[in-house]
Chemist: 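Let me begin by handing over the structure; questions about it come next.
Keep in mind the model is a prediction, meaning the values are calculated, not measured. Just so you know, residue 1 is the first one in the sequence shown, and it goes up from there. Remember, it's 1-based here, ligands and their atoms both numbered in the order they're listed.
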Amino acid sequence: MGFLQLLSSSLSLLSFLLLILSPPTTTTAQPQPPLFKCTSKLTCQSLVGYVSPNATTLAHIQSLFQVPTLLSLLGVNSLPPTTPPTHPVLANQTVTIPFPCRCINGSGVSDNVPKYVVVKDDGLYHIASQVFSGLVTYPQIQAVNNIPDANLIVIGDKLWVPLPCSCDDVEGREVVHYGHVVADGSSVEGIAAQFGVAPATVMSVNGITDPKKLIAGQVLDVPLTACSSSVKSNSPDYPLLAANGTYVYTANNCVKCSCDPSNNFTLQCQPSEMKPANWSSCPSSQCSSSSLLGNSTSSRCSRSTCAYAGYTNNSILTTLAVQNTCPAAAPPSKNGAWKIQERDWSRSLLLLTIQLLMMVHRFL
Ligand SMILES: *[C@@H]1O[C@H](CO)[C@@H](O)[C@H](O)[C@H]1NC(C)=O
Ligand SMILES: *[C@@H]1O[C@H](CO)[C@@H](O)[C@H](O)[C@H]1NC(C)=O
Ligand SMILES: *[C@@H]1O[C@H](CO)[C@@H](O)[C@H](O)[C@H]1NC(C)=O
Ligand SMILES: *[C@@H]1O[C@H](CO)[C@@H](O)[C@H](O)[C@H]1NC(C)=O
Ligand SMILES: *[C@@H]1O[C@H](CO)[C@@H](O)[C@H](O)[C@H]1NC(C)=O
Ligand SMILES: *[C@@H]1O[C@H](CO)[C@@H](O)[C@H](O)[C@H]1NC(C)=O
Ligand SMILES: *[C@@H]1O[C@H](CO)[C@@H](O)[C@H](O)[C@H]1NC(C)=O
Ligand SMILES: *[C@@H]1O[C@H](CO)[C@@H](O)[C@H](O)[C@H]1NC(C)=O
């Protein structure tokens with residue numbers, strides 16, 4: 001465990017040094033965030049990071065954004081499916097919101113959701129910047145709701161809040177687009193690292209040429225790594241997108257699919273054991289009598305998985321997905337540090353630590 005502590009302390013030293021070496025790269029001008037580029041003909045699920053202005057509950061946030069099921073909110077936040085709706089959310093805590101996205105005229109907007117009902121003493125600016133934590137600007141709400149005078153909104157008015165989103169592939173891969181409100185003092189590098197995306201990808205997706213021109217309050221399009229799936233294009237849940245570390249229920253809640261780095265980011269689906277929505281019972285989901293949804297068998301260089309392929313009005317489709325598991329002829333690394341065997345684990349950590357310390361040294 002000593003190595004782990006050394007590793008984590010050198011990591012925090014490293015991030016501390018990065019912090020003092022790179023000055024904050026945001027400026028605090030009044031932003032006019034452009035909507036995200038979106039040209040796909042499909043609708044898809046997209047995400048935004050909502051920073052709750054007040055201490056509240058998941059149920060309140062679910063209702064504010066009209067997320068159809070609590071499970072879908074839990075899944076994108078990597079919270080266990082048993083989490084209750086009363087689960088507390090702290091002031092300033094970020095909650096990931098899932099919503100359907102549609103491309104209109106080259107930009108992505110939330111597909112007719114959420115609808116916000118104006119209450120006493122509301123103003124468009126307050127609704128945009130406070131209630132929806134700067135995910136939209138008030139002129140955007142004004143435009144899509146055809147409001148001639150921004151100062152004239154009436155209690156009870158139902159306003160569509162157009163959240164920014166996209167359904168486009170990025171660098172030839174399916175991704176889950178995540179709208180992130182840039183906090184004061186953050187940098188492209190920091191945000192990219194936080195979400196496990198290459199800084200160059202964040203810059204190109206957002207048309208940023210100079211990372212120093214990042215504006216606090218701007219909504220960045222962060223393309224999260226998504227798992228590939230076998231869902232057919234005529235299934236109602238196509239494209240079934242799940243970001244790294246999240247899960248999603250589909251096929252009327254009969255199937256639970258998770259996305260993580262194992263199996264080269266292939267979506268892992270299995271029967272959910274949940275009470276179905278719309279169906280009286282879950283139809284069977286198997287590839288053969290001995291291979292149920294989610295079962296895998298491995299042989300020397302391949303792994304066959306009974307994978308989820310979508311659903312119809314009365315059935316769940318499956319397909320036998322075969323994956324090559326032999327390591328691609330990767331060039332051996334110089335010191336062999338990547339050929340980790342179990343007993344060499346601590347030695348690799350030591351090597352990693354030394355490399356990190358050398359990096360820190362180079363910064364000084
Ligand atoms: C939330 O963040 C804002 C801006 O960073 C800060 O002014 C406020 O005090 C924070 N509120 C709480 C409860 O932490
Ligand atoms: C798309 O753009 C065209 C031309 O600018 C405009 O006439 C049309 O109303 C726009 N459609 C939507 C849905 O905004
Ligand atoms: C947050 O709470 C304060 C005090 O309770 C209230 O005045 C304010 O309207 C709330 N903001 C939102 C966005 O609900
Ligand atoms: C996926 O998530 C894991 C665990 O949170 C993280 O370590 C990894 O960097 C992520 N990978 C990508 C490509 O996002
Ligand atoms: C149940 O069916 C309705 C109508 O087809 C659909 O809108 C809804 O999303 C379905 N529920 C689930 C959990 O899939
Ligand atoms: C992993 O997935 C990527 C993209 O889906 C693919 O190009 C690559 O060949 C896969 N690698 C292996 C070892 O299956
Ligand atoms: C096959 O999948 C079922 C349902 O998920 C599971 O209960 C069972 O243990 C799996 N069998 C094997 C051999 O993996
Ligand atoms: C599935 O159900 C919908 C609505 O109930 C219906 O419109 C559609 O024709 C059905 N499709 C098939 C293939 O049965």
Chemist: Specify whether the nearest protein heavy atom to atom 2 (O) of ligand 4 is under 4.0 angstrom away.
Modeler: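 Looking at atom 2 (O) of ligand 4, one finds that a protein heavy atom does lie closer than 4.0 Å.
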
Chemist: Tell me the protein heavy atom at minimum distance from atom 5 (O) of ligand 7, and give that distance in Å.
Modeler: Pro271 CD, 3.9 Å

Chemist: Indicate yes or no: at least one non-hydrogen side-chain atom of Asn253 is less than 4.5 angstrom from one of Pro276.
Modeler: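 When only atoms from C-beta onward are counted, Pro276 and Asn253 do not touch, as no gap falls below 4.5 Å.
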
Chemist: Cut-off 3.5 Å, side chains only: do Thr43 and Asp111 have a donor facing an acceptor?
Modeler: no

Chemist: When you measure from atom 13 (C) of ligand 4 to every protein heavy atom, which one gives the shortest distance, and what is it?
Modeler: Thr225 OG1, 3.3 Å

Chemist: Relative to the ring of Tyr50, is the ring of Phe132 parallel (under 30°), tilted (30 to 60°) or perpendicular (over 60°)?
Modeler: tilted

Chemist: Who's the nearest protein heavy-atom neighbour of atom 4 (C) of ligand 4, and how far?
Modeler: Asn244 ND2, 4.7 Å

Chemist: What is the closest protein heavy atom to atom 8 (C) of ligand 7, and at what distance does it sit?
Modeler: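 Here the closest protein heavy atom is Asn295 ND2, 3.8 Å.
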
Chemist: Give me the ring orientation class for Tyr311 and Trp279: parallel if the planes are under 30° apart, tilted from 30 to 60°, perpendicular past 60°.
Modeler: perpendicular

Chemist: Any nitrogen or oxygen of Gln270, main chain or side chain, under 3.5 Å from a nitrogen or oxygen of ligand 7?
Modeler: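 In this structure, Gln270 places no N or O atom under 3.5 Å from an N or O of ligand 7.
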
Chemist: Quick one: which of Pro81, Pro84, Pro85 gives a side chain to side chain contact (heavy atoms under 4.5 Å, CB included) with Leu70?
Modeler: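 Going through Pro81, Pro84, Pro85 one by one, the side chain to side chain contact (heavy atoms under 4.5 Å, CB included) with Leu70 is satisfied by Pro85 alone.
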
